[in-house]
Amino acid sequence: MLSKLNDPQREAVKYLGGPLLVLAGAGSGKTRVITHKVVHLIEQHGYDPKHIAAITFTNKAAREMQERVSGLLEGKPSKGLTVTTFHSLGLQILRAESQLLGYKPRFSILDSADSFKVVADILATTDKQLLKKTQWRISQWKNDFITADMALNQAEEEFDHAAAKVYQLYQQALKAYQAVDFDDLIRLPVELFEQHRDALHKWQLKLRYLLIDEYQDTNACQYKLVKQLTGPEGMFTAVGDDDQAIYAWRGADVENLRQLTTDFPNLQVIKLEQNYRSTVRILRAANTLIANNPKLFEKKLWSDLGIGDTIQINPAKDEEHEAEMVAMKLLAHKFEHRTRWADYAVLYRGNHQARLIEQQLRTQKIPYTVSGGQSFFDRAEIKDLVSYLRLIANEDDDPAFIRAATTPKKGIGSTTLERLGEYAAQRHVSLFEAAYEPGFQNSMGKKQVEDLTTFCDFINRMQQRATKDPAGELLQDMLSAIQYEAFLYDSEEPRAAETKWGNVMDFIGWMTRKGEAEETNLLQLTQTVALMSMLEGREEGEPDAVKLSTLHAAKGLEFGHVFLIGVEEGILPHHSSTAAGTDVARVEEERRLMYVGITRAQKSLTITYCRKRKRSGDWEQCEPSRFLDELPADDINHAGKISTTDPELRKAQKASRMANIRAMLEG
DNA sequence: CACTCCGGGATTTTT
DNA sequence: TCCCGGAGTG
């Protein structure tokens, strides 16, 4: 098995002498190292799979890794092996230790929309900007492992002070709801382990070897968790690439990479520099560009895949022309090289840039898929159902109570809910509990009380069944009881209702299958659902189509031929990163973004930018990105850079183009 | 007064 | 695409 690895890869797989950091350049086979190491630990060192945990950031990465490990094990058992995301691991820990933190095991998980509503309730405003900003600030504090009290003490600016107060109330609300948000899934285990050494030891014994993917994306909390779990011995392998750190804006801290070297003086560092993806020219471009960033660890990618095509840089008159150009070039290239649509990707900085490209691809009848898109579990119809499940699992979950009580409409109106809310707050009980209290019931009309108790009784009945009946059966019964299908067709266009109902059926099918396969009950599944973004297996049978993606979403992917569009000052680097007084680190992150874009390409790279662009009504001149000047002149063909009618210069241009072609032929 | 329709503008995203 | 704000309408 080890023979399929190159020297540093093999070394990384075999090294068990202590903490190991693998600096894995783009396309250098990092997943291969992690998967082989898992298998190596099991087969060569007798590790019980249940003592190994591989941790990723996304479900997709976890799924891929799991599949590849299973493939390598060729059917041999890997029972108990943990391959999950940070958040799922946190959930697993919280579930097991919930009572130590004063939570019941069936706590709810609030997604960002839910937590937004909680913040909105506290601030009692509809100012979305302010709410977003506050929610984001709270999240930042949580990721930095700063409590509400600490935040309040540290707050210097007025905004921070106000936000810290919201933070306090927010935490109180969550506790009352017996709910945690995404950040808590990491933060609370860390807090727990700080306070309960015995619980920590138990988990240290369980997870004896950790492998962490995309280490450069960890935030302070995640790093703390890793450090706690591995203990002073540091039996772990962290795999990352500081040059691909593009998530500083959401709390990821590359400093964690440096921190490793100080926290673990015996840290072994192995670099993976051989790239199995791109041609020499593409890698030279990537290397020279990123050389402009300060380096944590010196690293230079190389490949033996041949010199490859020159990198094309094409200016366009304007955005529309750019889109047209990309479509035409793509078409010509496909025709000439007999490639598949899926060999192409168009990458950009901001989502809106996809619009014009989409338009062009449509008119040219080129099939495409756009990255991102809203996730399956975020759809309203799914969240409706999940709110019922959450309430059944945890009757303290007031946000779920409100949604379930009002969708579909069942005679419970906003006034009733408001009064219920006031009463519940006064008595310090949940909405659900308050609904049954005589004190509340006596103050309300007969019909209101009846409608509320009918609803609560229904939830009660479902609770009774949830622990014993099969998930599928219960869900079916629930749907017919609340008449959800009729509700959809009443409130939506027939077409929309049909798709939504289809989604509901998909959801039920998924839950049923999951429930059977993993022998978990419906209520545990409800927690898992909160962490899912895409329906598993949805991407299967992916059609042959050009991929449109933001640079962020493209990380980890590779394409034969890449178009990088809108490479202008103000877009890449984005103007918010270059404004006066902005930290240079911001431009460095933009540079890494460009680096990520370049290193997605296997065989060819085409960069485009606009000479002018429409901005608030009138045309504005655009400057080509500073990053273009940081590419190696020998490897690029900057079309029309010397914009001149001077025949001498034109001749020179042509000569250089010919030189490029010759170099290409030789390489 | 509230609602709808249209045009313009836009960081990046996961759990 | 989605979201926001301004103008226009019932």
Side-chain angles (χ1 to χ4, degrees), chain A residues 55-63 84-92 94 109-116 126-129 131-132 135-136 139 142-143 180-189 213-214 217-219 221-222 225 244-252 319 347-359 361-362 368-378 527-534 548-556 566 568-579 582 586-587 589-594 596-597 613-618 620:
Chain A
I55 308 172
T56 64
F57 276 85
T58 64
N59 292 311
K60 191 173 162 226
R63 198 162 56 238
T84 40
T85 61
F86 266 104
H87 294 267
S88 298
L89 178 66
L91 171 61
Q92 208 185 313
L94 277 189
I109 299 169
L110 302 189
D111 64 19
S112 20
D114 292 320
S115 93
F116 183 86
T126 50
D127 182 344
K128 276 199 171 169
Q129 300 258 299
L131 290 170
K132 264 262 159 66
Q135 184 190 25
W136 181 76
S139 171
K142 286 190 169 192
N143 287 333
V180 302
D181 62 18
F182 286 139
D183 302 322
D184 283 341
L185 286 171
I186 318 288
R187 194 183 60 90
L188 287 175
D213 189 26
E214 304 279 11
D217 287 343
T218 51
N219 62 37
C221 246
Q222 286 157 338
L225 186 62
Q244 290 185 74
I246 53 175
Y247 284 111
W249 54 273
R250 63 175 203 209
E319 274 182 292
L347 307 181
Y348 37 81
R349 176 68 233 259
N351 278 309
H352 61 278
Q353 291 176 270
R355 211 185 111 255
L356 282 171
I357 301 284
E358 277 187 78
Q359 225 169 57
L361 294 183
R362 262 197 306 270
Y368 66 87
T369 53
V370 188
S371 78
Q374 90 262 49
S375 74
F376 182 78
F377 291 94
D378 272 346
Q527 288 178 331
T528 314
V529 164
L531 300 184
M532 307 295 302
S533 52
M534 293 291 169
L548 307 193
S549 170
T550 61
L551 288 164
H552 283 93
K555 193 169 78 154
E568 292 146 45
E569 284 295 299
I571 294 187
L572 186 67
H574 195 269
H575 52 249
S576 56
S577 311
T578 55
T582 317
R586 298 283 299 273
V587 177
E589 180 145 317
E590 297 287 307
R591 189 177 281 111
R592 290 193 291 270
L593 215 37
M594 172 99 180
V596 166
R613 202 175 267 276
K614 217 180 235 168
R615 201 170 273 280
S616 47
D618 34 30
E620 207 172 77

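Convention: sequence-line order gives letters A, B, ...; per-chain numbering from 1.
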- [ ] Give one of base, sugar-phosphate or nothing for A/T550, where a contact means two heavy atoms less than 4.0 Å apart.
- [x] sugar-phosphate

Open item on the list: Looking only at the side chain of A/T85 (C-beta and beyond, no hydrogens), which of the listed nucleotides B/dT12, B/dT14, B/dT15 gets closest?
Closed with: B/dT15

Task: Set of salt bridge (Lys or Arg N to Asp or Glu O under 4.0 Å) partners for A/R613, sequence neighbours left out - done: A/E319, A/E568

Task: Out of B/dA10, B/dT15, B/dT13, whichever nucleotide has its closest atom nearest the side chain of A/H87 - done: B/dT15

Task: Verify stack between A/F182 ring and B/dT14 base, 5.5 Å, 30 degrees - done: no

Open item on the list: Can you measure A/L110 atom CG to B/dT15 atom P for me and round it to whole angstrom units?
Closed with: 17 Å

Open item on the list: Taking only side-chain N and O atoms of A/N351, does any of them lie within less than 4.0 angstrom of OP1 or OP2 on B/dT13?
Closed with: yes

Open item on the list: From OH of A/Y348 over to P of B/dG9, roughly how many Å is that when rounded to an integer?
Closed with: 21 Å

TODO: Measure the distance from CH2 on A/W136 to P on B/dT12 and round it to the nearest whole Å.
DONE: 15 Å

Open item on the list: Taking any heavy-atom pair under 4.0 Å as a contact, classify A/R613: base, sugar-phosphate, or nothing.
Closed with: nothing

Open item on the list: Less than 4.0 angstrom from a charged side-chain N to a carboxylate O is my criterion; do A/R586 and A/E589 meet it?
Closed with: no

Open item on the list: Assess, by modelled atom type and distance only, whether the side chains of A/H574 and A/S576 contain a donor and an acceptor separated by less than 3.5 Å.
Closed with: yes

Task: Which nucleotide in B/dT14, B/dT12, B/dT15 has an atom nearest any side-chain atom of A/R250 - done: B/dT14

Open item on the list: The side chain of A/K128 is closest to which nucleotide in this list: B/dT12, C/dC4, B/dT14?
Closed with: C/dC4

TODO: Please state how far atom NE2 in A/H552 lies from atom P in B/dT13, giving the value in whole angstrom units.
DONE: 7 Å

- [ ] Using only side-chain N and O atoms of A/N59, determine if any of them is under 4.0 Å from OP1 or OP2 of B/dT15.
- [x] yes

Open item on the list: Distance alone, cut at 3.5 Å: any donor-acceptor contact between the side chains of A/S112 and A/Q135?
Closed with: no

Task: Between C/dC2 (P) and A/D378 (CG): distance, integer Å - done: 13 Å

Task: Under the ring-ring contact (aromatic ring centres under 6.0 Å, His included) test, residues paired with A/W136 that sit two or more places apart - done: none

Open item on the list: Considering every strand and a 4.0 Å limit on heavy-atom distances, what is the contact class for A/S112: base, sugar-phosphate, or nothing?
Closed with: base

Task: Atom pair distance, as rounded to whole Å: CH2 in A/W249 and P in B/dT15 - done: 12 Å

Task: A/H574 NE2 to B/dG9 P, straight-line distance once rounded to whole Å - done: 14 Å

- [ ] Quickly work out the A/I571 CD1 to B/dT12 P distance and round it to whole Å.
- [x] 11 Å

TODO: Take atom P in C/dC3 and the same atom in B/dT14, then report the distance between them in whole Å.
DONE: 16 Å

